[in-house]
**Q** 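Have a look at the structure that comes next, please.
So that the names make sense, note that chain A is the first sequence line, chain B the second, and so on, each numbered from 1. Here the structure is a predicted model, which means the values were calculated and not measured.
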Protein chains: 2
Amino acid sequence: MIPSYAVLPDGSATSPRGFTAADAHAGLKTDGAPDVALLVSASSCATAGVFTRNAVRAAPVIYDQELLAERPGRIRAVAMNARVANACTGAAGLEAARAMARAAEQAAGLPPRTALVLSTGVIGVPLPVDRVASALAEAATRLSPEGGPLAARAIMTTDTRPKHTAVRLDTAAGPITVGGIAKGSGMIHPDMATLLAVLTTDAGSEPATLAPLLKRVADRSFNAISVDGDTSTNDTLLLLANGAAGVDPSRDGATWKSFEDAVLHVARALALAIVEDGEGATKILEIHVTGAATEAAAREVGRAIARSALVKTALYGADPNWGRVLAAAGAAGVPLAVDRLSLATQGDGAEAEEWLALAVGGATAEPDLARAREIFAQPRVRLRLDLGIGRAESVVWTCDLSPEYVKINADYTS
Amino acid sequence: MIPSYAVLPDGSATSPRGFTAADAHAGLKTDGAPDVALLVSASSCATAGVFTRNAVRAAPVIYDQELLAERPGRIRAVAMNARVANACTGAAGLEAARAMARAAEQAAGLPPRTALVLSTGVIGVPLPVDRVASALAEAATRLSPEGGPLAARAIMTTDTRPKHTAVRLDTAAGPITVGGIAKGSGMIHPDMATLLAVLTTDAGSEPATLAPLLKRVADRSFNAISVDGDTSTNDTLLLLANGAAGVDPSRDGATWKSFEDAVLHVARALALAIVEDGEGATKILEIHVTGAATEAAAREVGRAIARSALVKTALYGADPNWGRVLAAAGAAGVPLAVDRLSLATQGDGAEAEEWLALAVGGATAEPDLARAREIFAQPRVRLRLDLGIGRAESVVWTCDLSPEYVKINADYTS
């Protein structure tokens with residue numbers, strides 16, 4: 001199928017009409033890099049959010065959830081900072097999130113309660129609100145349609161590259177653009193890492209239609225990279241639709257489907273960029289689980305494989321230890337018939353017919369081990385696990401676990 | 001409270017009367033070390049087992065579960081091998097487990113269907129039954145009451161030391177001995193590692209009374225070290241009671257409680273030995289969760305902290321990053337009131353009054369960070385997390401995550 005959208009060069013959250021952004025310095029990053037970003041829409045946005053399900057929610061998550069419940073159709077801006085997560089900061093932290101939102105609204109000349117806030121960084125450290133507010137005021141003076149990539153850079157923590165992209169979708173009623181920025185630190189064990197992503201579009205929409213679309217997209221993108229994107233204290237995915245394109249894709253089913261495909265493309269591109277930039281990652285594993293009873297079951301099995309330290313270390317060592325993959329699948333908490341499990345692998349750029357069977361009927365397929373090692377040594381390794389139960393499937397991505405991951409995380413706060 | 005039992009020097013599964021063991025070579029280990037062990041009881045044992053809950057169960061687990069369901073009061077022997085897990089081996093693997101059991105019964109002159117089998121090692125590789133059978137025949141000729149530590153050594157995989165212990169309990173009706181051997185590889189992520197433990201006692205008992213006792217003991221020992229001891233393909237904990245001491249501790253409540261304490265002591269000592277010998281481990285973390293609604297909830301929170309790669313890497317780096325501990329607790333899936341969470345730490349051998357508060361009311365307790373770093377640099381670090389909800393508690397143990405762990409697991413099969 002030819003996608004109905006085109007990827008824009010250097011696209012970002014400011015590619016859709018009516019969105020501007022800028023970065024600024026609050027002195028939170030010790031190397032003097034920009035650490036604050038402001039994204040503003042020229043008009044009110046219908047907004048949907050997907051947030052962490054961790055019982056320990058960061059202050060900005062609590063603030064955003066309340067604001068979105070109250071006025072999901074009136075959002076104008078997103079204020080962001082790196083290096084301090086404003087999590088485990090008590091009542092003072094919640095007041096700091098409020099103050100950060102107010103500072104963004106005042107800086108951009110917006111009505112009260114129209115700015116969302118995103119924070120990422122160390123947990124348990126108070127947010128220096130005054131410095132963040134000054135930086136937001138400075139950013140507001142330089143808002144630009146070219147500011148998206150700068151905002152993406154400002155919210156980086158242990159990321160080594162900024163993540164941003166956009167696509168243009170041609171509909172019968174005219175073109176729509178969907179863009180986004182994201183950051184992710186340490187997606188090797190993303191259950192604790194903070195994932196922030198802001199998607200924007202100039203399509204028009206209603207919060208009530210946008211919310212289920214974003215949930216579906218999240219399940220097939222950010223929730224499909226490694227596992228437990230839902231358990232950090234700060235994880236947040238936002239989708240802001242400002243309607244500047246004068247096109248409401250929800251008017252007919254086919255256009256709405258194309259719009260969802262475009263949003264999914266942006267979300268998946270950002271999610272994959274996070275995996276590829278995983279802390280210490282040297283290679284990527286794509287896990288395609290087929291033959292499941294439901295898509296959710298397929299995803300659970302994929303995630304269980306993706307979070308297995310033994311699978312990830314085997315990948316790092318280019319060791320085609322397929323038994324660890326089956327064992328990880330068995331630990332997913334999903335009913336499995338072991339004697340129906342089939343596992344195959346494929347390297348980078350390989351054609352579909354080049355799959356190498358590793359296991360059949362839950363036991364060894366007696367593969368050519370030299371060939372299996374060659375595949376596992378490639379920078380991008382695919383696994384296809386068929387559960388032999390039903391017809392549902394899901395794809396999950398993860399990266400390997402290297403000694404470098406340990407080094408990065410052994411001394412993060414100091 | 002003074003424990004009513006005494007730890008025996010160099011104790012093991014052959015310390016209780018009537019148990020003998022021996023090791024032998026089947027050539028499974030490439031370095032020529034013993035890799036097969038046989039444990040035999042002079043009389044039938046009441047036997048209980050706790051097995052992996054992984055959907056992908058190894059052939060020996062399937063065999064043992066069937067045999068224990070059929071005749072839990074007639075067990076005479078346990079045959080063990082290292083290096084080949086006999087998991088993901090299909091129908092041939094199940095036949096191999098049966099053949100291994102038969103070989104043990106024939107070697108030791110026992111009736112059919114009286115031997116259990118335990119395997120650990122690489123998944124997906126066929127078990128060389130003939131070599132294992134020959135080794136078992138050889139072992140049967142050298143069975144000895146001193147053989148327990150040798151059996152413990154034979155079942156080691158990436159373990160660096162054998163794990164065995166025993167205690168003697170004096171009851172009104174006479175002395176009882178409880179002993180055990182265990183192995184565990186890579187308890188840093190034990191969800192895939194294989195944990196094998198065989199506990200023995202010369203107490204008399206019935207399978208129906210022994211089973212719930214073993215379940216309680218497992219929850220407070222092997223299931224309390226790191227997390228998901230229940231999800232490997234081969235995890236097995238057995239308790240064999242042969243009655244050779246002529247004492248049935250279940251006759252009165254107080255003696256039964258003392259007996260459970262003694263079994264728990266043996267199980268916990270073996271479980272802690274596994275953590276201390278964790279792959280690449282440089283230090284141990286004891287996590288005491290208090291103030292929970294239920295003991296199960298406390299244990300879930302402790303396990304969530306114990307499995308967090310970010311907590312483990314912070315421990316490795318002696319970085320008192322307490323926010324990661326709270327974030328990990330929040331991801332446990334247990335309802336928490338963040339503003340009631342309190343966290344304190346303590347180093348090795350410290351007195352109870354020397355706890356250093358790290359967080360109070362879900363936010364920083366503004367600890368002396370230099371002191372916190374000193375504590376986190378010690379070989380044994382304690383954390384006490386109070387949930388502020390109820391009165392139940394639980395203790396969980398784990399070790400740090402070091403670059404060495406990755407190296408050990410990156411190239412295991414080859």
**Q** Under 4.5 Å from any heavy atom of chain A, what part of B/T89 do you find: side chain, backbone, both or neither?
**A** backbone
**Q** Less than 4.5 Å apart, side chain to side chain, heavy atoms only: is that true for B/R57 and B/T52?
**A** yes
**Q** Which region of B/L341, side chain (C-beta onward) or backbone (N, CA, C, O), has a non-hydrogen atom less than 4.5 Å from a non-hydrogen atom of chain A, or is it both or neither?
**A** side chain
**Q** Side chains of A/T233 and A/N54: donor-acceptor distance under 3.5 Å anywhere?
**A** no
**Q** Any idea which of A/C88, A/A92, A/G124 has the most non-hydrogen atom pairs under 4.5 angstrom with chain B?
**A** A/C88
**Q** Counting only non-hydrogen atoms closer than 4.5 Å, does B/V334 touch chain A with its backbone (N, CA, C, O), its side chain (CB onward), both, or neither?
**A** backbone
**Q** Where on B/V56 is there a heavy atom nearer than 4.5 Å to chain A: the side chain, the backbone, both, or neither?
**A** both
**Q** Any side-chain heavy atom of A/L385 sitting closer than 4.5 Å to one from A/V301?
**A** yes
**Q** State which residue, out of A/T236, A/N81, A/N86, fulfils the side chain to side chain donor-acceptor pair (under 3.5 Å) condition with A/S119.
**A** A/N81
**Q** Under a 3.5 Å cutoff, is there a donor and acceptor pairing between the side chains of A/N234 and A/T120?
**A** no
